[in-house]
Colleague: 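Dropping the structure in here first, questions after.
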Amino acid sequence: MLAATTWAQVEPFVRDIIATRCIEMTRRQIEEHQRTLAYFGDWVVQTGMVNLDDCLTPDVIDVYRNDRAQEVLPVMAERERKMLRALAGIAPSVERRDVSTASEPQRPYSDAELAVFHTWASHQRTPRQQVGCMAVFGLAAGCGLTSSEILAVRDTDLLVVHGAPAVRVERDGRVVPVVDRWGHCLQRVMESAPAGLLVAPAASDRRGAMRTVLDGSKGEAKPIPARLRVTWLVAHLEAGTPVTALLQASGMTSIDSLRRALSYVRPMSADRAFAALRMTGAVR
């Protein structure tokens with residue numbers, strides 16, 4: 001995901017931290033911490049704020065979290081912040097937060113806005129741009145992927161599971177089916193995508209690739225991937241998707257991560273709530 005020159009600078013820092021502070025972790029946990037350290041190290045190198053040897057401090061981590069929250073959901077940026085603080089040996093009991101994590105997330109998109117973004121993705125200048133923009137829309141609105149997860153998706157990660165289009169997420173290997181409403185979007189990408197990365201395959205700066213794709217696309221109205229993800233979350237919550245399934249598909253680890261999205265869930269009718277509480281459609 002990183003440019004070769006950047007990784008050459010970051011690799012010793014990442015390897016040393018992983019080797020000395022992740023000894024008792026599972027392979028999946030090590031991979032997740034390694035990925036978080038790589039993104040953080042890349043940011044440190046690009047900003048030139050401090051040397052890599054001096055970057056694992058509370059203030060630097062907090063500034064990174066704020067920048068990172070512009071690319072992914074704030075709850076994901078906060079999760080990475082906690083990982084970095086743990087790796088730095090900072091006790092949770094003395095954490096200082098310069099911003100509230102209880103702030104409201106960006107509102108989900110309306111059906112009318114989603115229709116506009118679907119048209120945007122469908123009418124780009126070149127087939128390559130159409131694939132990239134349709135992948136952004138389909139993977140965020142249809143599968144709930146974050147920007148960084150979308151940028152890592154390759155053509156080989158697009159699957160058909162039980163007859164439905166789905167995507168394998170490189171970050172943790174989870175497989176997420178697309179919601180039926182946007183299944184045709186992912187199907188179109190699967191039919192047209194060349195080999196390799198789906199979005200901005202030639203971009204060496206992967207952290208800024210999403211912004212480059214959106215800014216370079218045709219059209220006035222362009223989606224924000226984080227808001228598409230919130231739209232996906234709210235749609236599932238309103239549809240009654242089991243929380244355990246939604247947590248796994250979203251890549252979240254705690255139900256607290258869903259709390260802020262709940263503020264956008266529309267009230268259920270009394271009849272529907274009564275039927276749901278009776279569990280008449282429950283699987284036995």
Side-chain angles (χ1 to χ4, degrees), residues 1-2 14 25 28-44 46 58 60-88 90 92 95 97-109 136 139-153 157 167-176 199 206-211 214 223-237 243-264:
M1 291 294 293
L2 303 184
V14 174
M25 293 184 183
R28 176 174 173 177
Q29 289 173 325
I30 290 174
E31 290 175 349
E32 187 171 15
H33 281 71
Q34 179 173 275
R35 189 177 300 106
T36 296
L37 280 168
Y39 285 136
F40 176 61
D42 175 41
W43 175 84
V44 170
Q46 297 300 328
V60 175
I61 292 172
D62 283 349
V63 174
Y64 169 72
R65 185 273 314 278
N66 292 342
D67 275 5
R68 184 70 168 147
Q70 303 303 311
E71 300 178 337
V72 301
L73 281 177
V75 292
M76 300 300 291
E78 178 63 19
R79 182 182 179 188
E80 292 183 5
R81 172 182 177 271
K82 290 179 179 178
M83 286 188 195
L84 293 169
R85 289 177 69 90
L87 290 173
I90 303 169
E95 285 191 7
R97 294 183 177 179
D98 57 344
V99 296
S100 171
T101 57
S103 59
E104 290 298 313
Q106 292 180 314
R107 68 170 180 82
Y109 286 119
V136 171
L139 292 171
C143 301
L145 268 60
T146 66
S147 291
S148 59
E149 289 173 343
I150 292 171
L151 289 170
V153 175
D157 293 320
V167 60
R168 181 191 298 110
V169 182
E170 186 271 342
R171 182 171 69 86
D172 54 17
R174 71 186 190 275
V175 175
V176 186
V199 180
R206 299 305 294 172
R207 293 184 71 248
M210 183 62 72
R211 177 51 52 194
L214 296 176
I224 298 173
R227 284 184 65 184
L228 290 175
R229 175 173 161 87
V230 170
T231 306
W232 175 84
L233 284 170
V234 171
H236 273 292
L237 290 169
V243 172
T244 51
L246 186 55
L247 281 175
Q248 182 178 6
S250 67
M252 298 175 178
T253 59
S254 170
I255 195 170
D256 289 338
S257 302
L258 295 175
R259 176 172 49 82
R260 296 186 305 152
L262 284 169
S263 63
Y264 291 111

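Along the sequence shown, residues are numbered consecutively beginning with 1. Only this structure's heavy atoms are used, side chains among them; waters, hydrogens and symmetry mates stay out.
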Colleague: Can you name the nearest heavy-atom pair linking Gly251 to Asp172, along with the distance?
Modeller: CA-OD2, 4.2 Å
Colleague: Okay, side chain of Gln248, backbone of Ala245: is any donor-acceptor separation there less than 3.5 Å?
Modeller: no
Colleague: Do side-chain atoms of Tyr109 reach the backbone of Ala141 as a donor and acceptor pair under 3.5 angstrom?
Modeller: no
Colleague: For the pair Arg174 (side chain) and Ala249 (backbone), establish whether a donor and an acceptor sit closer than 3.5 Å, ignoring hydrogens and angles.
Modeller: yes
Colleague: Salt bridge between Glu78 and Arg81, side-chain N to carboxylate O under 4.0 Å?
Modeller: yes
Colleague: Can you name the closest pair of heavy atoms from Ile90 and Pro58 and give their distance?
Modeller: CD1-CG, 3.6 Å
Colleague: What heavy-atom pair brings Asp157 and Ala152 nearest, and what distance separates the two atoms?
Modeller: OD2-O, 3.8 Å
Colleague: Please check this pair: side chain of Ser147 against backbone of Val72, looking for a donor-acceptor N/O pair closer than 3.5 Å.
Modeller: no
Colleague: Closer than 4.0 angstrom, basic N to acidic O: yes or no for Glu32 and Arg79?
Modeller: yes
Colleague: Out of curiosity, Leu145 CG to Arg229 CZ, how far, rounded to the nearest 0.5 Å?
Modeller: 7.5 Å
Colleague: Please report the closest heavy-atom contact between Leu214 and Pro223, naming both atoms and the distance.
Modeller: CD1-O, 3.6 Å
Colleague: Can a donor-acceptor pair be found, under 3.5 Å and without considering hydrogens, that links the side chain of Arg168 to the backbone of Gly173?
Modeller: no
Colleague: Tell me whether the rings of Trp232 and His236 are parallel (<30°), tilted (30 to 60°) or perpendicular (>60°).
Modeller: perpendicular
Colleague: Side-chain contact test, heavy atoms from C-beta onward, threshold under 4.5 Å: evaluate it for Ser148 versus Glu170 and give yes or no.
Modeller: no
Colleague: Nearest 0.5 angstrom please: Trp43 CH2 to Tyr64 OH, how far?
Modeller: 8.5 Å
Colleague: Give the minimum heavy-atom separation between Pro225 and Val136, together with the two atoms involved.
Modeller: CG-CG1, 4.2 Å
Colleague: Under 4.0 Å between a side-chain nitrogen and a carboxylate oxygen: does that hold for Arg85 and Glu80?
Modeller: no
Colleague: Do the non-hydrogen side-chain atoms of Leu246 and Leu233 ever get within less than 4.5 Å of each other?
Modeller: yes
Colleague: About how many Å separate NE2 of His33 and CE of Met83, when rounded to the nearest 0.5 Å?
Modeller: 5.0 Å
